[in-house]
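Reviewing the structure listed below.
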Amino acid sequence: MCGIVGVYSEDARIVPKLVFYSLFSLQHRGQESAGIASFSGEDFKVVKGMGLVTDVFRNVDFEKLKGRVSVGHVRYSTTGESVVENAQPFVVKTRAGSIAIAHNGNLVNFFELRNELEKAGSVFISTTDSEVIAQLLSRLLIKMDLEDAIIELTKILRGSYSLVFAVNDTLVAMRDPFAFRPLCFGEFNGGVVFASESCALDTIGAKFVRDLEPGEAIIVRDGEIESVKVESEREAHCVFEYIYFARPDSVIDGRNVYSVRYKIGQILAEEARVDADIVSPIPDSGTTSAIGFAEKSGIRYIEALIKNRYVGRTFIMPEQKLREVSVRLKVNVLRENVEGKRVVLVDDSIVRGTTSRKIVDMIRRAGAKEVHFRVGSPPIISPCYYGIDMQTTEELIASKKTIEEIRKEIGADSLAYLSLEGLIKAIGMKKEKLCLACLTGEYPVKGEFCFKC
């Protein structure tokens, strides 16, 4: 996942600051790099680098970034290494003008498109699919107007992409026809903001207008707003946004994320009853579901684990060794709350099993009588090719082990997952409108997937 932001306002001084604050509120979507590009009237001024938003912009003079249009990005890598060359936004110069682009998603035809562009003479400075989009857009804008270029770009790209990009001082937000990744639209004092999640709009005091529709692009040109839309064969909203990635205070495609996770916990309690003394979340993404579980089951909710707030999310750390170290740094057990108790731990998902195993072991060492594990999603059995860092079957514990084998692997007394039907019910969206590929192996976008070329 990545977080993207685009802002337009006649007050050029506030625009980059609004992007900065919005990116700060989207930091949970990526912690590897951050960047902002603003159009100064002649060209884009760009600041980007490795690390958190506060690290990258610690000593930045925002006065030098001022401009009526600005786009921003926080990244975690799925295609391309975690290096500064892959930090976004990307800026390319063409005869049609300068383009700055920020991308959330993953193209399944990335290598095919890159090879074609290289044969045609394009030179790349990064290894990401986002730069491919920038290069394609630059070529299209030489031959046609912006609206036609957007429609043509949609025909070429396959996979997931929510984009914010600027062509000189024209701002565009664009969502793929499947609407895999979230993207919303807000307004403030004559200005316009686009962001991955509505929590970013709340942070800067913008009014939420709506989510972009599948296959829609919104163009902001001199303060005027117009919409361009292509037909969508089907919607495929990513269920992992509701399970794990999005902030619980966000609203995505009409669903309040907190309410969905609370319902997940309630349904999980109905489906996987257990006799226990306390229910505790694995913080933070399991917290809301644990509250719902406790309320429905009647088992007392109490924290067994305290999170170190200065350690990032282990799932989005790109290397397994880093994940293992960060688990020990991330949480500590409240011995008094678990000693002699039958403990239910509620987590959002089990991907590789590393974190779950270590946490169960920590709870046992603290004196828990029993440790029962409950998961707010069905087993993840298939890789994701649309922007989540689960790209090989081998790294998914549920792809090769039964639930009983996983229980033994993580060392729990019992283990139960939410059913697929329960998840769909909690989200409140028709099954046909969701991407369930990681849970079912049925992919909305057909084709060959390659991440090792």
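All residue numbers refer to positions in the sequence shown, counting from 1.
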- Check: Cys238 main-chain N/O paired with Tyr386 side-chain donor or acceptor under 3.5 Å: no

- Item | No-hydrogen, no-angle side-chain donor-acceptor test under 3.5 Å, Asp348 and Ser289 | no

- Item | Main-chain N/O of Ile156 paired with Asn109 side-chain donor or acceptor, under 3.5 Å | yes

- Ser25 and Ala200 have their tightest heavy-atom pair at OG-CA, 3.1 Å

- His73 (side chain) donor-acceptor with Ala87 (main chain) under 3.5 angstrom: no

- Query: Relative to Phe57, does Lys17 satisfy both conditions: NZ or CZ under 6.0 angstrom from the six-membered ring centre, and within 45 degrees of the ring's axis?
  - Reply: no

- Query: Going from CD on Glu303 to OG on Ser280, what distance comes out if it is rounded to the nearest 0.5 angstrom?
  - Reply: 7.0 Å

- Message: Tell me whether the count of non-hydrogen atoms from other residues, nucleotides or ligands lying under 6.0 Å of CZ in Phe208 goes above 12.
- Response: yes

- For Val193 and Ala206, work out which heavy atoms get closest and say how close. CG1-CB, 3.7 Å

- Taking the side chain as every heavy atom from C-beta outward, state whether Val5 and Val164 have any pair of such atoms under 4.5 Å apart. no

- Task: Please confirm whether the backbone N or O of Thr440 pairs with a side-chain atom of Ser382, one donor and one acceptor, at under 3.5 Å?
- Result: no

- Task: Could you check if a side-chain atom of Pro283 sits within less than 4.5 angstrom of a side-chain atom of Val331, using non-hydrogen atoms only?
- Result: yes

- More than 12 non-hydrogen atoms from neighbouring residues, nucleotides or ligands closer than 6.0 Å to NZ on Lys229, yes or no? yes

- Message: Whether Glu432 and Arg234 form a salt bridge (side-chain N of Lys/Arg under 4.0 Å from carboxylate O of Asp/Glu) is what I want to check.
- Response: no

- Query: Any luck finding a side-chain donor-acceptor pair between Arg407 and Thr402 under 3.5 Å?
  - Reply: no

- How long is the gap from CD1 on Ile133 to CD1 on Ile101, to the nearest 0.5 Å? 5.5 Å

- Task: State whether the side chain of His237 and the backbone N or O of Ala179 hold a donor-acceptor pair below 3.5 Å, judged by distance alone.
- Result: yes

- Message: In the structure I gave you, are the side-chain heavy atoms of Asp347 and Ser285 within less than 4.5 Å of one another anywhere?
- Response: yes

- salt bridge (charged side-chain N to carboxylate O under 4.0 Å, His left out) evaluation trace for Glu216 with Arg175: CA-CA 6 Å; Glu216 182 183 23; Arg175 200 175 185 191; over 6 Å; no

- Note on the structure: Scanning both residues in full, the closest heavy-atom pair of Leu65 with Val47 reads CD1-CG2, 4.0 Å

- Query: Between Thr288 (side chain) and Tyr262 (backbone), is there a donor-acceptor pair under 3.5 Å?
  - Reply: no

- Looking at Lys307, Lys330, Arg261, which hits salt bridge (Lys or Arg N to Asp or Glu O under 4.0 Å) with Asp284? Lys307

- Side chain of Ser70, backbone of Lys66: donor and acceptor closer than 3.5 Å? no

- Item | Under 3.5 Å: donor-acceptor pair, side chain of Ser349, backbone of Val351 | no

- Query: More than 12 non-hydrogen atoms from neighbouring residues, nucleotides or ligands closer than 6.0 Å to CG on Asp61, yes or no?
  - Reply: yes

- Message: Taking atom CZ as the centre, does Arg210 end up with more than 12 heavy-atom neighbours from other residues, nucleotides or ligands that are less than 6.0 angstrom away?
- Response: yes

- Rounded to the nearest 0.5 Å, the CG atom of Leu18 sits from the CG atom of Leu23 at a distance of 11.0 Å

- Query: Just wondering, more than 12 heavy atoms not from Lys401 lying within 6.0 Å of its NZ?
  - Reply: yes

- Task: Ignoring hydrogens and angles, tell me if any N or O in the side chain of Glu370 forms a donor-acceptor pair with the backbone of Ala276 under 3.5 Å.
- Result: no

- Message: To check you understand the geometry: which heavy-atom pair defines the closest contact between Arg13 and Pro16, and what is its length?
- Response: O-CD, 3.8 Å

- So, do Lys263 and Lys425 sit near enough that their side-chain heavy atoms are less than 4.5 Å apart? no

- Might you confirm whether atom NZ of Lys400 has over 12 heavy atoms from other residues, nucleotides or ligands at distances under 6.0 Å? yes

- Message: Does Asn189 have more than 12 heavy atoms from other residues, nucleotides or ligands lying within 6.0 Å of its CG?
- Response: no

- Indicate yes or no: at least one non-hydrogen side-chain atom of Glu409 is less than 4.5 angstrom from one of Glu405. no

- Roughly how far apart are Phe373 CZ and Ile406 CD1, rounded to 0.5 Å? 11.0 Å

- Message: Under the criterion side chain to side chain contact (heavy atoms under 4.5 Å, CB included), I'd like the reasoning laid out for His28 against Arg247: C-alpha separation, chi angles, the key distance, then a yes or no.
- Response: CA-CA 8 Å; His28 59 285; Arg247 261 177 47 169; 3.4 Å; yes

- Note on the structure: In terms of heavy-atom contacts, Ile4 and Leu183 come closest through CD1-CD1, 3.8 Å

- Stepwise side chain to side chain contact (heavy atoms under 4.5 Å, CB included) check, Phe293 with Val344: CA-CA 10 Å; Phe293 190 102; Val344 179; 4.1 Å; yes

- Message: Less than 4.5 Å apart, side chain to side chain, heavy atoms only: is that true for Lys48 and Phe90?
- Response: yes

- Query: Can you name the closest pair of heavy atoms from Gly49 and Val56 and give their distance?
  - Reply: O-CG2, 3.4 Å

- Message: Using the salt bridge (Lys or Arg N to Asp or Glu O under 4.0 Å) definition, which of the options Arg365, Arg364, Arg357 pairs with Asp361?
- Response: Arg365

- Query: Tell me, do Glu271 and Ile267 make a side-chain contact under 4.5 Å, heavy atoms counted?
  - Reply: yes

- Examine Arg255 relative to Tyr242 and say whether NZ or CZ is less than 6.0 Å from the centre of the six-membered ring and inside a 45° cone about the ring axis. no

- Item | Separation between OG of Ser162 and CZ of Phe194, rounded to the nearest 0.5 Å | 12.0 Å

- Message: Quick check on Glu404: does its CD atom have over 12 non-hydrogen neighbours (other residues, nucleotides or ligands) under 6.0 Å away?
- Response: yes

- Nearest-0.5 Å distance, CG of residue Leu137 to CD1 of residue Ile150: 8.0 Å

- Please step through side chain to side chain contact (heavy atoms under 4.5 Å, CB included) for the pair Phe165 and Val71, ending with a clear verdict. CA-CA 7 Å; Phe165 63 87; Val71 298; 5.7 Å; no

- In terms of ring plane angle, is the pair Tyr443 and Tyr385 parallel, tilted or perpendicular, where the classes change at 30° and 60°? tilted

- Worked verdict on Val60 versus Phe20 for side chain to side chain contact (heavy atoms under 4.5 Å, CB included): CA-CA 11 Å; Val60 170; Phe20 169 80; over 6 Å; no

- Query: Hey, mind stepping through Glu241 and Arg181 against salt bridge (charged side-chain N to carboxylate O under 4.0 Å, His left out) and telling me if it holds?
  - Reply: CA-CA 8 Å; Glu241 291 286 349; Arg181 299 283 150 240; 3.4 Å; yes

- Message: If you define the side chain from C-beta out and look only at heavy atoms, does anything of Glu295 sit under 4.5 Å from Tyr301?
- Response: no

- Message: Checking the side chain of Asn86 only, and the main-chain atoms of Ser126 only, is there a donor and an acceptor separated by less than 3.5 Å?
- Response: no

